[in-house]
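Right, one structure below, let's go through it.
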2 protein chains.
Amino acid sequence: MSASETGTRRGRPRGFDRDAAVAAATRLFWERGYEATSISDLTEAMGIRSGSLYAAFGDKPGLFQTVLEAYRELPSGAFVYEAFAEEATAFGAVARMLREAAQVFTDPAHPAGCMVTNAATNVSPANVEVLELLRDKRNRNIVMVADRLRAGQAAGELARSVDVDALAAYYAAVYQGMSQRARDGADESELLQTAELALAVWPRG
Amino acid sequence: MSASETGTRRGRPRGFDRDAAVAAATRLFWERGYEATSISDLTEAMGIRSGSLYAAFGDKPGLFQTVLEAYRELPSGAFVYEAFAEEATAFGAVARMLREAAQVFTDPAHPAGCMVTNAATNVSPANVEVLELLRDKRNRNIVMVADRLRAGQAAGELARSVDVDALAAYYAAVYQGMSQRARDGADESELLQTAELALAVWPRG
DNA sequence: TCATTTCTTGAGCGATCGACCAAGAAGTTC
DNA sequence: GAACTTCTTGGTCGATCGCTCAAGAAATGA
């Protein structure tokens with residue numbers, strides 16, 4: 001059997017825990033954002049030298065990509081998708097999204113807010129790709145919300161007269177505003193009140 | 001009469017238009033944020049050499065301070081304060097704030113969104129002061145809104161049962177979310193719809 | 001055993017960062 | 001005119017940026 005079949009890797013094995021290193025990098029990018037996090041910040045937090053970092057992740061954008069994929073597996077990066085996958089109604093999904101956001105955004109176990117929302121807002125021309133990457137992610141999420149609202153509308157949950165795109169954009173703005181508020185020090189109860197107020201405009205009847 | 005009395009300045013006069021230079025710097029900081037804007041970016045946009053910049057503004061944080069003060073004098077930086085100074089009711093002030101934000105945030109004459117909201121979200125430890133400066137500004141603005149709501153409550157505009165702090169935090173989140181949406185490409189009509197939906201939760205009766 | 005493969009180390013690459021300074025230029029004051 | 005003050009120019013500072021590479025270390029395959 002060849003190495004590729006057995007899965008045993010030739011050569012010197014990696015000397016560090018890749019998942020733990022990615023977790024450390026995630027925390028840094030989440031806290032400071034993409035550009036304000038330097039390679040030496042990363043190597044120090046990950047406990048490795050730059051050579052190992054580049055061998056394992058390619059370059060800085062490559063590491064950030066890996067971090068984004070790891071983030072998607074964390075509760076903080078998955079709860080919105082889980083809400084939309086599991087809740088029976090459009091309102092149930094949106095309500096769960098905002099209420100869980102209030103809790104997740106302020107969880108002291110990790111940096112505040114949503115990484116996708118806040119990790120690449122200030123970026124120099126050399127790194128526009130990263131800004132566009134997250135911007136596109138945010139905009140695609142709004143489309144996902146709008147599509148779910150449309151489905152709910154087709155199922156009779158929402159009146160035909162409701163502008164689902166406007167509603168989706170509104171909840172996206174609230175979500176992103178809550179993330180910013182969390183980074184500015186808002187606590188869970190404030191964000192929960194914001195969520196409830198935002199949900200109060202849901203068109204009923 | 002001494003020079004200080006006449007206002008005539010001794011020595012070689014400044015060779016550039018200070019206001020125009022500050023305007024150019026404002027545009028850059030607004031677009032890219034504090035840290036992603038380099039001194040050489042600034043000198044190029046302002047049409048001066050670094051020596052002139054440091055002579056006129058001290059250092060990079062000093063220039064940013066000057067830019068913030070100039071921003072306060074622009075419509076984009078003043079409209080919220082004007083709304084709260086001129087509108088007769090708390091609701092009138094909040095409504096005007098959000099409706100004008102929809103227009104100002106998407107005005108193609110300048111960068112999208114609110115500079116105070118978005119110019120220093122990603123920052124390295126060396127520049128935390130700038131992050132804290134804007135964060136404190138944002139949090140003070142929420143206190144201003146809450147105080148206005150409290151006054152409106154005392155005047156009978158709002159029921160005693162209304163939690164004005166929660167309401168102020170909610171509108172702050174919507175405002176900041178609208179700014180982020182504008183930077184992500186949202187147009188005026190989307191933001192206006194978001195503003196109207198947000199205003200629909202205002203407690204009546 | 002020994003060649004092969006992969007990873008780590010440590011030094012260092014060119015470029016850019018924010019900031020500074022001496023010299024000269026361009027004004028006012030006397 | 002000379003003295004004084006302020007600003008601009010051009011060069012340069014040490015530090016850091018993201019990144020690379022040769023040499024050595026540690027595993028597997030034959």
Side-chain angles (χ1 to χ4, degrees), chain A residues 1-18 20-22 25 28-29 32-67 120 122-130, chain B residues 1-18 20-22 25 28-29 32-67 120 122-130:
Chain A
M1 283 207 288
S2 75
S4 63
E5 287 175 53
T6 60
T8 55
R9 317 213 344 130
R10 302 256 305 246
R12 177 172 175 173
R14 178 166 290 128
F16 62 94
D17 181 340
R18 185 186 159 106
V22 170
L28 264 184
F29 280 131
R32 301 181 190 172
Y34 176 76
E35 201 167 285
T37 304
S38 73
I39 297 291
S40 69
D41 290 336
L42 290 163
T43 53
E44 184 184 351
M46 300 163 85
I48 60 178
R49 310 303 181 95
S50 65
S52 302
L53 189 154
Y54 282 90
F57 304 104
D59 54 8
K60 196 185 175 185
L63 173 58
F64 189 67
Q65 273 282 4
T66 305
V67 160
N122 305 139
V123 137
S124 64
N127 294 312
V128 243
E129 291 83 3
V130 180
Chain B
M1 283 206 288
S2 74
S4 64
E5 287 174 54
T6 61
T8 56
R9 317 219 337 130
R10 302 256 303 247
R12 178 173 176 175
R14 179 168 289 127
F16 62 94
D17 182 338
R18 185 187 159 105
V22 170
L28 265 184
F29 280 131
R32 301 181 191 172
Y34 176 77
E35 202 166 286
T37 303
S38 72
I39 296 291
S40 69
D41 290 335
L42 290 164
T43 54
E44 184 184 350
M46 300 162 86
I48 60 177
R49 311 301 183 95
S50 66
S52 302
L53 188 153
Y54 282 92
F57 304 104
D59 54 8
K60 196 185 176 186
L63 173 58
F64 189 67
Q65 273 280 5
T66 305
V67 160
N122 304 140
V123 136
S124 63
N127 294 312
V128 243
E129 291 83 3
V130 180

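Protein chains get the first letters and strands the later ones, always in sequence-line order, with residue 1 at the start of each. Values reported hereafter were calculated over all heavy atoms of this structure, with side chains retained and with hydrogens, waters and symmetry mates removed.
- When rounded to the nearest whole Å, the span between CG of B/N127 and C1' of C/dG18 equals 10 Å.
- With a 4.5 Å cut-off on side-chain heavy atoms, B/E35 and A/V123 do not count as touching.
- Interface remark: the A/R12 side chain does form a donor-acceptor pair with the D/dA25 base, using a distance-only criterion of under 3.5 Å.
- Under 4.0 angstrom from either OP1 or OP2 of D/dC17 there lies at least one side-chain N or O belonging to A/S38.
- Of the candidate nucleotides D/dT8, C/dA19, C/dT8, C/dA19 has the atom lying nearest to any side-chain atom of B/K60.
- Residue contacts shown for A/G15 are limited to sugar-phosphate atoms, with no base heavy atom under 4.0 Å away.
- Judged by a 6.0 Å distance limit and a 45° cone about the ring axis, A/R18 is not positioned over the six-membered ring of A/F16.
- Between B/A45 and B/L28, the shortest heavy-atom distance links the atoms CB-CD1, 3.7 Å.
- Rounded to whole angstrom, the span from the CG atom of B/L63 across to the C1' atom of C/dC20 amounts to 17 Å.
- Of all non-hydrogen atoms in B/A56 and B/R14, the two that sit nearest each other are CB-NH2, 3.8 Å.
- Side-chain N/O atoms of A/S52 include none lying less than 4.0 angstrom from OP1 or OP2 on C/dC7.
- Phosphate contact (OP1/OP2 of D/dC19, side-chain N/O of A/Y54, threshold under 4.0 Å): present.
- At a cut-off of 3.5 angstrom, counting only N and O atoms as typed in the model, there is no donor on one side facing an acceptor on the other between the side-chain of A/S40 and the base of D/dT16.
- Nearest-nucleotide positions on DNA chain D for A/P13 and A/G51 put A/G51 closer to the 5' end.
- Within the 4.5 Å cutoff, the side chain of B/N122 has no heavy atoms near those of the A/Y34 side chain.
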Open item on the list: Apply side-chain contact (heavy atoms from CB on, under 4.5 Å) to residues A/F64 and A/E129 and explain how you reach the verdict.
Closed with: CA-CA 12 Å; A/F64 189 67; A/E129 291 83 3; over 6 Å; no
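- Across the protein-nucleic acid pair, B/I48 atom CD1 and C/dG18 atom P stand 14 Å apart, rounded to whole Å.
- Note on B/R10: every side-chain N or O is 4.0 Å or more away from OP1 and OP2 of D/dA3.
- Look at CD on B/E35: it is 16 Å from C1' on C/dA19, rounded to the nearest Å.
- Atom pair A/R14:CZ and C/dT5:C1' shows a separation of 14 Å (rounding to whole Å applied).
- Whole-Å rounding puts the B/R18 CZ to D/dT6 P distance at 15 Å.
- A residue-by-residue look at B/G47 and A/S50 shows that B/G47 has its nearest nucleotide of DNA chain D further toward the 5' end.
- In this structure, of D/dT8, C/dC7, D/dG18, it is D/dG18 that holds the atom nearest to the side chain of A/I39.
- In this structure, B/T37 reaches the sugar-phosphate backbone alone: every heavy-atom distance under 4.0 Å involves primed, P, OP1 or OP2 atoms, never a base.
- Here B/R49 reaches the OP1 or OP2 of D/dG10: one of its side-chain N or O atoms lies under 4.0 Å away.
- Rounded to whole angstrom, the span from the CD atom of A/E44 across to the C1' atom of D/dG18 amounts to 17 Å.
- Computed from coordinates, the B/F64 CZ to C/dG18 P distance equals 14 Å when rounded to whole Å.
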